[in-house]
Amino acid sequence: MSIRIIGTGSALPEHQVTNDDLAQMVDTSDEWIKERTGIGCRRISTGEGVVSLAADACRKALEDGGMEASRVELLLVATCTPEKGIPCAACQVQERLGATEAVAFDLNAACAGFLFALHTACAYVEAGIYRNALVTGSEVLSKIVDWTDRSTCVLFGDGAGAVLVERCEEGGILAFVQHSDGTKGDVLRCDGRPLSNPYVDIPAEAPFVQMDGREVFAFAVRKVPASIEEALGKAGLQVEDVDLFVLHQANRRILEGIAKRLGADMGRFAMNLDRVGNMSSAAIPVLLDELNRAGRLKRGMKLVLAGFGAGLTYGTSVLQW
Ligand code: COA
């Protein structure tokens, strides 16, 4: 028993920001950003929130999958940029959708969040606890980005993607692996609220994303191919058997490095980062939705989904569409 994706949806903020727009804000250029990252533009929220974007993406996934919200049994939102400390984003999305029977909670594994949420849904379904789930990745990273730091503000975008999954007897997720390495937590981080109460008041550091870009780059190019090979091995498949790689969209050069290590041609790597940048946990489900709506995903195709990010966290799903 496993889960298969029966519907996809996505939602992006209206406002588009080009590299030239950013060059008016910080000392950068369209040429530098494109050459080092492959990113051309991104969507940035001027009012859309993690909850409204996730709810929009979920509605589309439900419509695509032909399911009423009231039938959803599990609703997971992967996010590292929730609007509120409490209640969690998933409960707010549940309320907006009218998914009254769903158990709803958030999960934060940064850019690997959507994959970890998908695997959580898979484990619940395989355990016989739920029969279906809505799994969402939604981020408004623009609120935790330092817009004066050219080394990070050019990378990220806002958006949400969702998939509707249900139990299946054949196909679906064939194997998955996931890993965490908390010893490298400082490589990519964003501080939260400092401890402050009547007994202690610790001065806050800047609550913005801080990153050692080279370390993250090296980690991704080394660990992601290993996790893909590990998951393919569990599924009894080889790199040649994979029809499409749908990987976290952080940087085109990272994807090229991964493809090279796997000995796979770039033509099998789906990409949309040139248009939307790195949307953290939203990246994979938004890309999946674009591929699905473009008719590029045919039943029976073998897909590899792989994500990586802060934590450090990384993982891979091998699935049959
Ligand atoms: N525009 C122009 N110059 C920039 C710049 C920008 N937006 N950002 C950094 N630079 C400069 C640096 O200041 C540095 O200048 P210096 O040589 O005068 O000190 C120079 O470019 C090289 O910086 P470096 O950090 O070595 O560049 P890089 O080739 O490693 O590329 C990243 C930087 C961030 C694009 C790259 O490291 C990367 O993509 N890392 C992975 C990040 C990521 O994907 N994070 C999210 C993972 S989920």
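In each ligand, atom 1 is the first atom listed, and ligand 1 is the first ligand listed. The figures here come from the full heavy-atom set of this structure, side chains too, leaving out hydrogens, waters and symmetry mates.
Checking each of Ser45, Ser142, Ser138 against Asp158 for a side-chain hydrogen bond (donor to acceptor under 3.5 Å, both in side chains) leaves exactly one that passes, namely Ser142.
At a heavy-atom cutoff of 4.0 Å, ligand 1 is contacted by both the backbone and the side chain of Thr28. Contacts of Asn278 with ligand 1, taken as heavy-atom pairs under 4.0 Å, involve the side chain alone.
Counting atoms of ligand 1 from 1 in the listed order, those under 4.0 Å from a heavy atom of Val216 are 43 (C), 45 (N), 47 (C). Every atom of ligand 1 with a heavy atom of Ala250 under 4.0 Å away is listed here by number and element: 44 (O). Taking every heavy atom of Gly213 and a limit of under 4.0 angstrom, the matching atoms of ligand 1 come to 37 (O), 40 (N), 41 (C). For ligand 1, the atoms sitting less than 4.0 Å from at least one non-hydrogen atom of Val154 are 7 (N), numbered in the order shown with element in parentheses.
Under the 30°/60° scheme for interplanar angles, the aromatic rings of Phe269 and Phe245 are found to lie parallel.
Summarising the local packing, CD of Glu63 is surrounded by 12 or fewer heavy atoms from other residues, nucleotides or ligands at distances under 6.0 Å.
Within the 4.0 Å cut-off (strictly below), no protein heavy atom is located near atom 20 (C) of ligand 1. Note that atom 37 (O) of ligand 1 has protein non-hydrogen atoms nearby, at separations under 4.0 angstrom. Protein heavy atoms are absent from the space less than 4.0 angstrom from atom 32 (C) of ligand 1.
Annotation: Asn251 places an N or O atom under 3.5 Å from an N or O atom of ligand 1; distance criterion only. Considering backbone and side-chain atoms alike, Arg214 places an N or O below 3.5 Å from some N or O of ligand 1. Ligand 1 has no nitrogen or oxygen under 3.5 angstrom from a nitrogen or oxygen of Phe308.
Distances from ligand 1 to the non-hydrogen atoms of Asp27 include at least one value under 4.0 Å.
Counting only non-hydrogen atoms, the option in Arg253, Arg36, Arg150, Glu35 that gets closest to atom 13 (O) of ligand 1 is Arg150.
In this structure, atom 8 (N) of ligand 1 lies nearest to the protein heavy atom Trp32 CH2, 3.3 Å.
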